[in-house]
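This report concerns only the one structure given below.
Counting convention: from 1, in listed order, for ligands and their atoms alike. Residues take their numbers from the sequence shown, with the count starting at 1. In this text the structure is predicted, and so the values were computed from the model without any measurement.
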Amino acid sequence: MENAAVRVRNLRKTYGSRAAVDDVSFDIIRGETFALLGPNGAGKSTTVEILEGYRRRTSGEVTVLGDDPGHAGLAWKARLGIVLQTTGQAGAFTVREQLRQFAGYYPRPRDVEEVIAAVGLEEKANTRISKLSGGQQRRMDVALGIIGNPELLFLDEPTTGFDPQARREFWGLIRRLQGEGTTILLTTHYLDEAAQLADRVAVIDRGLLQAIGPIATFGGEDARMPRVTWREGGTLHTESTPAPWAFARSLAERLGGEPDELEIRRPTLEDIYLGMVDPDEAVAPASSPTSSTSETLS
Ligand code: ADP
């Protein structure tokens, strides 16, 4: 695909006799935000680190910004932005000093003051990094990730440890980057974060791609069917139906008034995700990315 920033075909990585990533294929289109989800040990970091050029694959084809990460050089690396889960930042420099230094490593860096403003650290520009709060340090991580003006940004668990307010602000920052056309690969444990930010999601479990598709249709029609819950005769009932309002109306008629604890809701990405990776239910999808996935893998 010509406008793919990332192209992965039949990617496999084994450690000894165990496959950490097994026959995984997907594309990330230029300009889109792609969320890679999965439980611990699923193979997310292995996949991402292969794309970043930090790990060698066992087999399969991988192209990132037109090059094979296994052989690409510094000029290619300069087009990536990487925000790792943990960073070992030197604390002795101020925010501005460190960003100026990093800007010097790249051929086409962003303006340092613009980046400071974009991550909301204007008031901390002259503060030593060691004196920043956890949330501010994370924003600094992102600032360092985008200072080189990357075409492709890797964000690994970017908001872990953020309070709700800081997460909202961070999402605003990511939306600005999206608006500028940055392609983003996001890994996160927060399903609401993926739902807020991603255009498409992929779920990986035990090294296998379970499902991939646009957020709007992810999981397929059945998994996305609205649910009506209500209490009747002391028991909580749930009905999945494409016509929840008509169902609730008929329920109200039958019961002679609004049912107790009536609730109508569409399954969230988290509900859909848990249905895919739940150990009790995941056995079937593990062997077959099913017809309910919203996109065929080409
Ligand atoms: P995730 O990022 O989804 O938590 P990982 O990609 O880190 O998953 O790990 C996938 C699997 O590969 C796990 O079973 C993990 O134990 C194994 N693994 C990861 N790195 C190594 C390694 N360097 N050597 C051996 N096994 C590894």
Side-chain angles (χ1 to χ4, degrees), residues 5-28 33-64 68-71 80-88 138 141-142 145 152-162 174 183-195 197-198 200-213 215 218-219 269-289 293 297:
V6 172
R7 186 174 190 277
V8 175
R9 289 294 176 278
N10 312 109
L11 176 62
R12 189 172 160 81
K13 172 73 182 180
T14 53
Y15 296 109
S17 59
R18 274 200 69 219
V21 177
D22 196 359
D23 200 26
V24 164
S25 300
F26 61 89
D27 287 326
I28 303 177
T33 296
F34 186 86
L36 190 58
L37 310 176
N40 287 333
K44 302 182 298 296
S45 305
T46 303
T47 304
V48 169
E49 288 176 14
I50 289 168
L51 301 185
E52 291 168 345
Y54 289 134
R55 282 198 213 196
R56 300 249 164 219
R57 60 192 184 267
T58 304
S59 59
E61 271 175 57
V62 179
T63 310
V64 174
D68 180 338
H71 303 115
L80 310 181
I82 298 178
V83 179
L84 298 171
Q85 263 177 50
T86 48
T87 44
R138 203 65 188 129
D141 291 339
V142 175
L152 173 61
L153 179 62
F154 293 91
L155 289 175
D156 193 4
E157 304 285 346
T159 61
T160 300
F162 279 32
I174 299 306
T183 308
I184 299 174
L185 173 53
L186 170 73
T187 56
T188 180
H189 280 121
Y190 298 114
L191 279 292
D192 61 331
E193 182 158 283
L197 297 178
R200 284 192 307 143
V201 288
V203 171
I204 180 169
D205 193 11
R206 288 164 290 175
L208 295 163
L209 193 66
Q210 305 290 344
I212 180 169
I215 281 280
F218 192 68
L269 180 61
E270 182 155 336
D271 297 326
I272 295 166
Y273 167 85
L274 288 174
M276 283 175 186
V277 301
D278 184 325
D280 295 326
E281 294 184 50
V283 178
S287 56
S288 60
T293 59
L297 303 172

Return yes when Gly38 approaches ligand 1 closer than 4.0 angstrom through a heavy atom, no otherwise.
no
For atom 8 (O) of ligand 1, the protein heavy atom that lies nearest, with its residue and separation:
Gly43 N, 3.1 Å
Residue Arg18 vicinity, atoms of ligand 1 by number, heavy atom under 4.0 Å
14 (O)
among protein heavy atoms, the one nearest atom 12 (O) of ligand 1 is Ala20 CB, 3.2 Å
Does the side chain of Asp68 come within less than 4.5 Å of Arg57's, by heavy atoms?
yes
With heavy atoms only and a cut-off of under 4.0 Å, state how His189 meets ligand 1: side chain, backbone, both or neither.
neither
Please state which protein non-hydrogen atom is closest to atom 9 (O) of ligand 1 and give its distance, to 0.1 Å?
Thr46 OG1, 3.9 Å
Nearest heavy-atom pair of Leu153 and Gly145: which atoms, and what distance?
CD1-O, 3.8 Å
Apply side chain to side chain contact (heavy atoms under 4.5 Å, CB included) to residues Thr47 and Phe26 and explain how you reach the verdict.
CA-CA 11 Å; Thr47 304; Phe26 61 89; 4.1 Å; yes
of all protein heavy atoms, closest to atom 2 (O) of ligand 1 is Ser45 OG, 2.6 Å
Looking only at heavy atoms of Pro39, does any of them come nearer than 4.0 Å to an atom of ligand 1?
yes
Would a 4.5 Å heavy-atom cut-off, applied to side chains only, mark Thr63 and Arg9 as touching?
no
How far is atom 24 (N) of ligand 1 from the closest protein heavy atom, and which atom is that?
Tyr15 CD2, 3.4 Å
Can you tell me if Glu49 has a non-hydrogen atom under 4.0 Å from ligand 1?
no
Closest non-hydrogen atom pair between Leu191 and Leu269, with its separation:
O-CD2, 3.4 Å
Side chain to side chain contact (heavy atoms under 4.5 Å, CB included) for Phe34 and Val6? Distances and angles first, verdict last.
CA-CA 10 Å; Phe34 186 86; Val6 172; over 6 Å; no
Strictly below 4.0 Å, N to O, side chains only: are Asp27 and Arg200 in salt-bridge contact?
no
Qualifying residue for salt bridge (charged side-chain N to carboxylate O under 4.0 Å, His left out) with Glu49, from Lys13, Lys44, Arg56, Arg55
Arg55
Can an N or O of Lys44 be found at a distance shorter than 3.5 Å from an N or O of ligand 1?
yes
Looking only at protein heavy atoms, which one is nearest to atom 20 (N) of ligand 1, and what is the separation?
Arg55 NH1, 3.1 Å
Is atom 15 (C) of ligand 1 less than 4.0 angstrom from some protein heavy atom?
no
Show the atoms of ligand 1 that are less than 4.0 angstrom away from any heavy atom in Asn40.
4 (O)
Search all heavy atoms of Thr58 against all heavy atoms of Thr14 and return the closest pair with its distance.
OG1-N, 2.9 Å
Give me the nearest non-hydrogen protein atom to atom 4 (O) of ligand 1 as residue plus atom name, then the distance to 0.1 Å.
Gly41 N, 2.7 Å
Would you please test Leu197 and Ile184 for side chain to side chain contact (heavy atoms under 4.5 Å, CB included) and show each step?
CA-CA 10 Å; Leu197 297 178; Ile184 299 174; over 6 Å; no
